[in-house]
Amino acid sequence: MVTIISTMETQVSNGPSGTSLPNGPVISTNGSTDDSKTNLIVNYLPQNMTQEEFKSLFGSIGEIESCKLVRDKITGQSLGYGFVNYVDPNDADKAINTLNGLKLQTKTIKVSYARPSSASIRDANLYVSGLPKTMNQKDMEQLFSQYGRIITSRILVDQVTAGISRGVGFIRFDKRNEAEEAIKGLNGQKPLGAAEPITVKFANNPSQKTGQALLTQLYQTAARRYTGPLHHQTQRFSMIPSLGKGPDPNNSSKPILDNLLNASYGVKSSPTLFPRFSPITIDSMTSLAGVNLTGPTGAGWCIFVYNLSPEADESVLWQLFGPFGAVTNVKVIRDFTTNKCKGFGFVTMTNYDEAAMAIASLNGYRLGDRVLQVSFKTSKQHKA
DNA sequence: TGGGATT
């Protein structure tokens, strides 16, 4: 897995002090800058988690030497990951054992030792789409491993069908140049036995989202504010207590975890409470309430919507489907060059009953001079 | 009258 160079170095007992490690920090006389056993990287943090919440959560394990939630330089938006450097290596170990895999909102956080920082490991993360649904993580790693050392990989799966591949994934290489070579070698190529070529490109940061994606998030956040239990929303994160002896993911009496765990997508809604969205409403509401953005998810029931007009946008889908229940994501498929809607889109809803009701009500619905066709998404592959 | 996807 991850080779931590300075770990090997500390095993050399007679090394001179002040040695400069390859790709690593200079070890001082007392060895205090060798943080390979104390410094952790935390991935997949909820978008709206603050530095204070981050520190509070990890400070509950033990004394922190330093910690940093990484943010976009310009927008200040969290990039969804951070670093925690403990004073005691035992606490770092404990943090991995206790907090790795913790579910916060829609995310499952990952806690692991950080690699020594260096310029060459930056921007080495790839986003892969068009993967055959039969391809698993191991297959994908095998395909990419010819270009370099893989640090992490993942294939995204549908939550409802319990593990069916969504045909998209991520590959992080050790070095940026390895990732570049993989793009050159694999983008647009068909994996052995595959019918369609795959797309390989550098992955986005959360901060690199398009305006449209950000707008989608605003709608989502707004939808949740109207459809979720309001008492959670209004007091969220207002108090940051110490977690005391150690975090217990099941103990809901701990306010920070309580808030993070409960602000999930599976909220009930009342059609009569659902507003007519407009970007202006969303905007003012968001800034007044200090609402933070939360990312979309692949979880839920995917609905195919056909016969949208070329002018259709995401707000149309929110307005159509929002009244039926919890909508987690909407997508209008556009032509790459004209940016006009190609006549169809997708809506993801959390609850089956609400999705089924939306389909029953909206299939055949007349929108302007068009009659919509609405159904659960079917897989092309499984069609006769 | 049909398929995106960003941990």
Side-chain angles (χ1 to χ4, degrees), chain A residues 41-47 70 77-82 100-112 123-133 137 140 150-161 163-172 179 195-196 198-210 212-214 216-217 220 293-310 312 314 317 328-336 339 341-348 363-364 370-384:
Chain A
I41 183 165
V42 184
N43 285 292
Y44 316 124
L45 292 165
Q47 195 77 69
V70 179
Q77 278 274 303
S78 165
L79 296 185
Y81 69 98
N100 183 42
L102 180 68
K103 288 188 169 57
L104 295 176
Q105 297 179 200
T106 62
K107 307 282 189 179
T108 303
I109 70 169
K110 178 182 172 188
V111 185
S112 55
D123 306 317
N125 194 26
L126 299 180
Y127 174 79
V128 188
S129 59
L131 292 166
K133 298 287 197 284
Q137 186 182 11
M140 184 174 72
I150 294 166
I151 300 300
T152 56
S153 73
R154 177 164 299 184
I155 287 181
L156 301 189
V157 296
D158 185 283
Q159 301 297 301
V160 169
T161 58
I164 304 284
S165 167
R166 289 162 66 195
V168 302
F170 295 89
I171 293 270
R172 181 181 290 280
E196 299 300 325
I198 60 172
T199 300
V200 184
K201 54 190 186 183
F202 284 109
N204 289 338
N205 283 327
S207 65
Q208 294 172 324
K209 286 198 167 131
T210 62
Q212 186 57 249
L214 285 167
T216 296
Q217 290 197 332
Q220 286 178 266
L293 301 176
T294 305
T297 173
W301 298 91
C302 190
I303 298 166
F304 177 64
V305 185
Y306 186 77
N307 214 15
L308 296 168
S309 89
E314 269 73 9
L317 294 178
T328 58
N329 195 30
V330 301
K331 179 82 184 176
V332 167
I333 306 303
R334 293 181 169 81
D335 182 273
F336 186 78
N339 213 30
C341 173
K342 284 163 83 172
F344 61 96
F346 298 93
V347 174
T348 306
N363 186 37
R370 291 161 172 269
V371 177
L372 297 183
Q373 292 177 38
V374 183
S375 63
F376 282 114
K377 171 186 162 314
T378 57
S379 170
K380 217 184 205 173
Q381 287 182 336
H382 295 148
K383 260 187 190 166

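So you know, we letter chains A, B, ... as the sequences are listed, proteins then strands, and number each from 1.
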Practice problem: Could I get the full list of ring pair (Phe, Tyr, Trp, His ring centres under 6.0 Å) partners for A:Phe202, not counting sequence neighbours? | Solution: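 Ring pair (Phe, Tyr, Trp, His ring centres under 6.0 Å) list for A:Phe202, sorted by chain: empty.
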[N] base stacked by [X]? Criteria: ring centres under 5.5 Å, plane angle under 30°.
X        : N     : result
A:Phe304 : B:dG2 : yes
A:Phe346 : B:dG4 : yes
A:Phe170 : B:dT7 : yes

Quiz item: Looking for any heavy atom pair under 4.0 Å, which part of the strands does A:Asn307 touch: base, sugar-phosphate only, or nothing?
Solution: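 Contact class for A:Asn307: none.
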Quiz item: For A:Lys377, which contact category applies under a 4.0 Å heavy-atom criterion: base, sugar-phosphate, or nothing?
Solution: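 Since a base atom lies under 4.0 Å of A:Lys377, the category is base.
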Report the nucleotide, chosen from [options], that has the shortest atom-to-atom distance to any side-chain atom of [X].
X        : options             : result
A:Gln373 : B:dT1, B:dG4, B:dT6 : B:dT1
A:Tyr306 : B:dA5, B:dG3, B:dT1 : B:dT1
A:Ile333 : B:dG2, B:dT6, B:dG4 : B:dG4
A:Lys107 : B:dG3, B:dA5, B:dT7 : B:dT7
A:Phe344 : B:dG4, B:dT6, B:dG3 : B:dG3

Practice problem: Fit a plane to each ring of A:Tyr306 and A:Phe344, take the angle between them on a 0 to 90° scale, and name the class: parallel (under 30°), tilted (30 to 60°) or perpendicular (over 60°). | Solution: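 Answer is parallel, since the angle falls under 30°.
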Between [X] ([atom1]) and [N] ([atom2]), how many Å, whole number?
X        : N     : atom1 : atom2 : value
A:Glu196 : B:dG4 : CD    : C1'   : 14 Å
A:Glu314 : B:dG4 : CD    : P     : 14 Å
A:Ile171 : B:dT7 : CD1   : C1'   : 12 Å
A:Leu131 : B:dG3 : CG    : P     : 18 Å
A:Met140 : B:dT7 : CE    : P     : 14 Å
A:Asn204 : B:dT6 : CG    : P     : 9 Å
A:Leu308 : B:dT1 : CG    : C1'   : 12 Å
A:Gln47  : B:dT7 : CD    : C1'   : 12 Å

Practice problem: Measure centre to centre between the rings of A:Phe170 and A:Tyr127, then say whether the value is under 6.0 Å. | Solution: yes
Quiz item: Considering heavy-atom distances to DNA chain B, does A:Ser375 or A:Gly167 have its closest nucleotide positioned more toward the 5' end?
Solution: A:Ser375
Exercise. With sequence neighbours left out, write down each residue that passes side chain to side chain donor-acceptor pair (under 3.5 Å) with A:Ser153, or none if nothing qualifies.
Key: A:Gln137, A:Glu141
Quiz item: Do any side-chain nitrogens or oxygens of A:Arg172 fall under 4.0 Å of OP1 or OP2 in B:dT7?
Solution: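 Answer no for this pair, as no side-chain N or O of A:Arg172 is under 4.0 Å from OP1 or OP2.
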Quiz item: With no angle test and no hydrogens, is the base of B:dG3 tied to the side chain of A:Thr378 by a donor-acceptor pair under 3.5 Å?
Solution: yes
Exercise. Walk me through it: do A:Tyr44 and A:Tyr81 pass the test ring-ring contact (aromatic ring centres under 6.0 Å, His included)?
Key: CA-CA 6 Å; A:Tyr44 316 124; A:Tyr81 69 98; 9.6 Å; no
Self-check item: Donor-acceptor pair, side chain of A:Glu196 and main chain of A:Pro132, under 3.5 angstrom
Solution: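 No.
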